Peer 1: 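For reference, the structure I am asking about is given below.
Residue numbers begin at 1 in each chain, while the letters A, B, ... track the order of the sequences. This one's a predicted model, so the numbers in the text were calculated from it and none came from an experiment.
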Amino acid sequence: MSPPERYNAPVVEAKWRSHWDEADLYRTHNDDPRPKYYVLEMFPYPSGRLHMGHVRNYTMGDVVARYRRARGYNVLHPMGWDAFGMPAENAAMRTKIHPAQWTYDNIAAMRAQLKSMGLSIDWSREFATCDVAYYHQQQRLFLALLEAGLVTRKTSRVNWDPEDMTVLANEQVIDGRGWRSGALVEQRELSQWFFKITDFAEDLLEALGTLERWPDKVRLMQRNWIGRSEGLFLRFKYTTPSPDGQTTLDVFTTRPDTIFGASFMAVSPGHPLAKAAAEANPDIAEFIAECERMGTSAVEIEKAEKKGVPLNLRVAHPFDETKTLPVYVANFILMDYGTGAIFGCPAHDQRDLDFARKYDLPVTAVVRPSDADDTFAVGNEAFTGVGRLFNSRFLDGMSIEQAKAAVADKMEAREIDGAPQGRREVNFRLRDWGISRQRYWGCPIPVVHCPACGIVPVPEADLPVKLPDDVTFDTPGNPLDHHPTFSKVACPRCGADARRETDTMDTFVDSSWYFARFTAPEADTPINTEAMEAWLPVDQYIGGVEHAILHLLYSRFFMRAVDRAGFGKCHEPFAGLFTQGMVTHETYKNEAGQWLFPDEVELREGKAVHAKTGAPVIVGAIEKMSKTSKNVVDPDDIISTYGADTARFFMLSDTPPERDIEWTDAGVDAAHRFVQRVWRLVGEAVPRFGEPGTGDGLELRKASHAHIRDITNDIESLAFNRAVARLYEWSHAIQKAIAAPQTPGAVLREALDQMIRAFAPMMPHLAEECWEAIGNQGFAAAAAWPDYDPALLVETTVTLPVQVNGKKRAEVTVPKDAANDDIERAVLALDEVKRFLDGKTPRKVIIVPQRIVNVVA
RNA sequence: GCGAGAGUGGCGGAAUUGGUAGACGCAGACGACUCAAAAUCGUCCGCCGCAAGGCUUGGGGGUUCGAGUCCCCCCUCUCGCACCA
């Protein structure tokens, strides 16, 4: 017998891809009557090259898409490009290539790479967010949200990234640094556009509970980010005139129960009162300036001492007429949260306690763990646990909850200057989403600033506001500001000379509705209501956990906003979310400490050496693949050497998809061996298809049907690594059956037919080649998922492990429906059991049907 | 500091509701085929022990006939948030 021909993946794969294209196999029609299934992977930024993280992400999505198609769903599996953003402008500054050209060139390159992976994508729906057609619709969406009252313009302190020269949202500041540039973020006062995400804070929080197919981790992160807390808005009356002209100092507190422990008031350095006081007092001005210089990084906050300056102002205690409280400006009060002012209760808040100890303010405990504890006092650790009130007049003896309610009731009933002194309030940590960016390569905000009319939306007929092509990047700042004519425009309302808005939108706006656009990418409205409502929510969304807050929260907000603006209902955009792990690789350095690429390194006699020079190489930690540490493997190299199926299979093997996977040559080899092995099995089996065989082949049939059942469960639960392990077992079973002359050819054929269908979602090209080889018609990619026959999985006997005193000592095979008495008799007759009983009589025999037997002596 | 998750062979990792720990893959050992090599196939492969047997899921306790799985305490690592009143 001549050796089977080796499977030439690169050649075979290209052939099948062109057949799929000719058959237009993956186009999805909105009017298809089958039940829908929407699979989406987070669309890529067109950086220029596909990396292994993309390969992993899109492989998983493609398995789900192909599996659902085989199960009879009308599957939507589109692809697009998150194409606006800074890197294109950085490239323009560096190389003088226009951002548009750079971006579209990159898209072309990456599209070709994606296509070489054999993904079952409906490319007819492709778009890039920088397409005029897309951002035109986004401008219409913006105006619709403006109309609906969901967009505001306000002056506020913003995070300014001095390197990218743009504003960042709070979500984009990490440890006091810009999320992209890494530069230390500064605070600036600017007039900005905001989306009113806080309008939906309650609902965004509440609805997290309905997202059952999201990771708990992501839901928790969003819950914390939204940060709901219930408390009391409370007004303290000044006993001395205040420099800001107000009669009360207003605070928000979640601990109104501790009001009798209050010993001072404090306001943020950014508070209007502090600013007013600073005008008259240079010491205060100096303190505020000092606070603004202080960094916001984690370490600096950790180390920063609680500091403050008295404002020489006092307020009245609301319940103790004998008491007034001094007002400070303090460095640990955030202007962003609540009212930017607090009452300090040192005994029950650590920060307040630190502050009080430093400035020698009274520390009065008002909650104690037990009523019996008469000596309870607070040292240098605030008491924040549960307990009962004391030292608190009418609150004495109450629980914290009772006391909170009692204080709130009294304050709501009492008035100062015609308004209630207190108000129960819910506060959120979530801030409105600032979307203004002072950059060129983004969606222009379609408004005009008119000296007479104020803010005027660009009329429908004048849309889109197109980005001018003739821009330069040699001066810092926003190129749109430097453009000779872009900002010069007549007011659409009065015709006077006006200024066009030059800010563009945060690119997270682009990605907050693209999944809705995919449902009707050609629609002449931003969203086709019918298509969106039919397709959304996305049934399975797959991407990196790094988007747990930003993109996923913004998208949830957008669907609510879009609903309010009348475009249709889709409460939650993503019904199922899966966050996949990263792709890692060993790192290498030469003796000079310079990073080396993996393909520069070779193993010789178990030692890593430089392939060309033979110089020793230091093997470092396993880290996420990144350009800086050079531990990258180019998908193109793998696909052109081993084929896409090998890369795909490797990505699904061994490691659970939510964990980081280590890319290793050995792992790729193993995946490739499996591809070859399957092809070889088909080659060996086909000549046997006509043979009757001397047996019934029942063993193989049982194994196949059990594997189908298990692989189905594995793919449904996205446990691809388990499905891969079962495919290995299945191939071993088939290999044995081929070698056994008993196996009828028809049974071999059935098993191969089933296995090909089962691995087709993972290795679609190999599936087609095998499909054809076993004589099937049509495409494996269009074939139905294999069924299994439960009757074949029913056994007549069962082998039970037998334990003596909890340790396994033997096995016993009994009829499946054997009576416990019979099993017990059989077990006690076993030599092994007798030996380990050592003459003792068993006290008890525990029989768990179908599971285990335990003899207890 | 707060919150979440994870610790299983040399490695990646399996293990329904508590029921045979280590599936499958990698690496390794031996063997077959071959003039030889590659490829492939077969056997072995947690630790100690010649064996019988004993030990073993980060450590320590507990519940149970039986614990990787449940409970309590501790250790380590990863991630997220971070002065949120």
Side-chain angles (χ1 to χ4, degrees), chain A residues 3-4 6 174-176 215-225 227-229 231-232 251-256 258 266 268 296-302 304 306 330-334 336-345 348-352 354-355 427-431 545-546 548-549 650 653-656 658-662 664-671 673-674 676-677 680 713 719 721-732 735 739 799-811 835 842-857:
Chain A
R6 273 179 76 81
I174 294 145
D175 270 358
D216 289 342
K217 182 169 87 168
V218 174
R219 289 197 280 176
L220 186 71
M221 282 165 72
Q222 291 211 357
R223 181 168 295 126
N224 292 339
W225 187 263
R228 181 184 196 276
S229 51
L232 191 68
V251 306
F252 172 77
T253 178
T254 56
R255 291 298 301 273
T258 63
S268 163
T296 47
S297 79
V299 192
E300 284 169 301
I301 287 168
E302 192 81 12
K306 306 283 177 279
N331 65 352
F332 63 98
I333 312 299
L334 303 176
D336 266 358
Y337 189 78
T339 62
I342 60 145
F343 78 76
C345 177
H348 304 291
D349 182 288
Q350 193 59 46
R351 296 156 301 177
D352 296 350
D354 294 345
F355 190 79
N427 235 292
F428 293 93
R429 187 182 170 279
L430 185 69
R431 303 267 74 90
V545 73
E546 67 273 18
I549 298 173
F650 172 76
S653 302
D654 297 343
T655 305
E658 69 278 8
R659 281 195 222 169
D660 291 352
I661 189 171
E662 190 195 347
T664 60
D665 291 345
V668 178
D669 286 341
R673 270 203 293 276
F674 187 72
Q676 295 294 348
R677 173 193 184 80
R680 205 170 47 240
N713 289 339
N721 57 317
R722 289 203 307 239
V724 165
R726 296 192 211 282
L727 279 173
Y728 275 103
E729 289 183 274
W730 198 352
S731 75
H732 287 294
Q735 178 169 318
T799 300
L800 300 174
V802 176
Q803 297 181 329
V804 177
N805 291 328
K807 288 201 193 304
K808 189 200 165 194
R809 299 299 185 185
E811 285 183 346
R835 187 152 72 85
R843 275 195 293 130
K844 214 189 262 176
V845 178
I846 291 156
I847 297 169
V848 184
Q850 315 290 312
R851 276 262 165 235
I852 202 165
V853 179
N854 191 8
V855 180
V856 186

Peer 1: Tell me every residue that passes side-chain contact (heavy atoms from CB on, under 4.5 Å) with A/P656, counting only those two or more places apart in sequence or in another chain.
Peer 2: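 For A/P656 the side-chain contact (heavy atoms from CB on, under 4.5 Å) partners, ignoring immediate neighbours, are A/E658, A/R659, A/N721.
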
Peer 1: Find which nucleotide of RNA chain B each of A/G667 and A/R843 is nearest to by heavy atoms, and output the residue with the more 5' nucleotide.
Peer 2: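 Closest to the 5' end, via its nearest nucleotide, is A/G667.
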
Peer 1: Indicate the atoms forming the closest heavy-atom contact of A/T799 with A/E811, along with that distance.
Peer 2: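 Heavy atoms only, the tightest pair is CG2-OE1, 3.7 Å.
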
Peer 1: Could you tell me how far apart A/L220 (CG) and B/C2 (P) are, to the nearest whole angstrom?
Peer 2: 15 Å

Peer 1: Any idea if B/G9 is syn or anti, going by the 90°-from-0 cut?
Peer 2: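 You should classify B/G9 as syn.
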
Peer 1: Which residues satisfy the side-chain contact (heavy atoms from CB on, under 4.5 Å) test with A/D669, sequence neighbours excluded?
Peer 2: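 side-chain contact (heavy atoms from CB on, under 4.5 Å) check on A/D669 returns A/Y642, A/R673.
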
Peer 1: At under 4.0 Å between heavy atoms, which parts of nucleotides 27-32 of chain B does protein reach? Answer with one letter per nucleotide, 5' to 3': B base, S sugar-phosphate only, - none.
Peer 2: S-----

Peer 1: When you look at A/Q735 and A/R680, which way does the side chain to side chain donor-acceptor pair (under 3.5 Å) test go after all the steps?
Peer 2: CA-CA 10 Å; A/Q735 178 169 318; A/R680 205 170 47 240; 5.2 Å; no

Peer 1: Collect all protein-nucleotide pairs involving nucleotides 18-20 of chain B in which both atoms are nitrogen or oxygen and the distance is under 3.5 Å.
Peer 2:
residue: B/U20; atom: O2; partner: A/K808; partner atom: NZ; Å: 2.8

Peer 1: Looking at B/A14, I'd like to know if its phosphate oxygens (OP1 or OP2) sit under 4.0 Å from a side-chain N or O belonging to A/N721.
Peer 2: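 Result: yes.
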
Peer 1: Please report the closest heavy-atom contact between A/S653 and A/V724, naming both atoms and the distance.
Peer 2: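 In this case the closest contact between A/S653 and A/V724 is OG-CG1, 3.5 Å.
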
Peer 1: Which of these nucleotides, B/A82, B/A23, B/G25, is closest to any side-chain atom of A/A725?
Peer 2: B/A23

Peer 1: side-chain hydrogen bond (donor to acceptor under 3.5 Å, both in side chains) with A/D349: which residues, sequence neighbours excluded?
Peer 2: A/R351

Peer 1: Take atom CG of A/N331 and atom P of B/C83, then tell me their distance rounded to the nearest Å.
Peer 2: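 Checked: the CG to P distance equals 12 Å.
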
Peer 1: Which residue lies toward the 5' end of RNA chain B, A/S653 or A/A670, if each is placed at its nearest nucleotide?
Peer 2: A/S653

Peer 1: What's the separation between atom CD1 in A/I549 and atom CH2 in A/W225, rounded to the nearest 0.5 Å?
Peer 2: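 Nearest 0.5 Å value for the CD1-CH2 distance: 5.5 Å.
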
Peer 1: Give every pair of a protein N or O atom and an N or O atom of nucleotides 47-51 of chain B that lie under 3.5 Å apart, one pair per line with the distance.
Peer 2:
none

Peer 1: Between B/A85 and A/Y337, is there an OP1 or OP2 to side-chain N/O distance shorter than 4.0 Å?
Peer 2: yes

Peer 1: Under 4.0 Å from OP1 or OP2 of B/A85: is there any side-chain N or O of A/S229 that close?
Peer 2: yes

Peer 1: Working to the nearest 0.5 angstrom, can you tell me the gap between A/I342 CD1 and A/F332 CZ?
Peer 2: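 If I round to the nearest 0.5 Å, the distance is 4.5 Å.
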
Peer 1: Identify, with sequence neighbours excluded, every residue that meets salt bridge (Lys or Arg N to Asp or Glu O under 4.0 Å) alongside A/D654.
Peer 2: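 Counting only residues at least two positions away or on another chain, A/D654 forms no salt bridge (Lys or Arg N to Asp or Glu O under 4.0 Å).
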
Peer 1: Can you name the residues that form a side-chain contact (heavy atoms from CB on, under 4.5 Å) with A/R722, not counting sequence neighbours?
Peer 2: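 Only A/D714, A/S717, A/A719, A/R726 meet the side-chain contact (heavy atoms from CB on, under 4.5 Å) criterion with A/R722.
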
Peer 1: Tell me if the side-chain of A/K217 makes a donor-acceptor pair with the base of B/C79, cut-off 3.5 Å, by modelled atom types.
Peer 2: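 No, no donor-acceptor pair under 3.5 Å.
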
Peer 1: Detail all sub-3.5 Å separations between protein N/O atoms and N/O atoms belonging to nucleotides 41-43 of chain B.
Peer 2:
residue: B/C41; atom: OP1; partner: A/R677; partner atom: NH1; Å: 2.8
residue: B/C41; atom: OP1; partner: A/R680; partner atom: NH2; Å: 3.4

Peer 1: In whole angstroms, how far is the P atom of B/U16 from the CD atom of A/Q850?
Peer 2: 18 Å

Peer 1: Of all heavy-atom pairs between A/A330 and A/F355, which one has the smallest distance, and what is that distance?
Peer 2: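 Shortest heavy-atom separation between A/A330 and A/F355 comes out as CB-CE1, 3.9 Å.
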
Peer 1: Answer yes or no: does a side-chain N or O of A/R722 lie under 4.0 Å from OP1 or OP2 of B/A15?
Peer 2: yes

Peer 1: Would you list the atom pairs, donor with acceptor, under 3.5 Å between side chains in residues 802-809 of chain A and any protein atom, with sequence neighbours excluded?
Peer 2:
residue: A/N805; atom: OD1; partner: A/A857; partner atom: N; Å: 2.9

Peer 1: For A/F650, what residues pass the ring-ring contact (aromatic ring centres under 6.0 Å, His included) criterion, not counting sequence neighbours?
Peer 2: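 For A/F650 the ring-ring contact (aromatic ring centres under 6.0 Å, His included) partners, ignoring immediate neighbours, are A/W663.
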
Peer 1: To the nearest Å, how far apart are A/D665 CG and B/G12 P?
Peer 2: 17 Å

Peer 1: Looking only at side-chain atoms of A/T655, point me to the closest of B/C83, B/G80, B/G13.
Peer 2: B/G13

Peer 1: What is the distance, to the nearest angstrom, from the CZ atom on A/R6 to the P atom on B/A38?
Peer 2: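 After rounding, the reported distance stands at 14 Å.
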
Peer 1: So, is A/R835 close to the B/G53 phosphate, meaning a side-chain N or O under 4.0 Å from OP1 or OP2?
Peer 2: yes

Peer 1: Would you say B/C84 has OP1 or OP2 under 4.0 Å from some side-chain N or O of A/R351?
Peer 2: yes

Peer 1: Taking only the P atom of each, what is the distance from B/G5 to B/C71 in whole angstrom?
Peer 2: 12 Å

Peer 1: Toss me the dot-bracket line for RNA chain B: Watson-Crick and G-U wobble, both under 3.5 Å, 5' to 3', using | for pairs to another strand and [ ] for crossers.
Peer 2: (((((((..(((......[....))).(((((.......))))).(((....)))..(((((..]....))))))))))))....

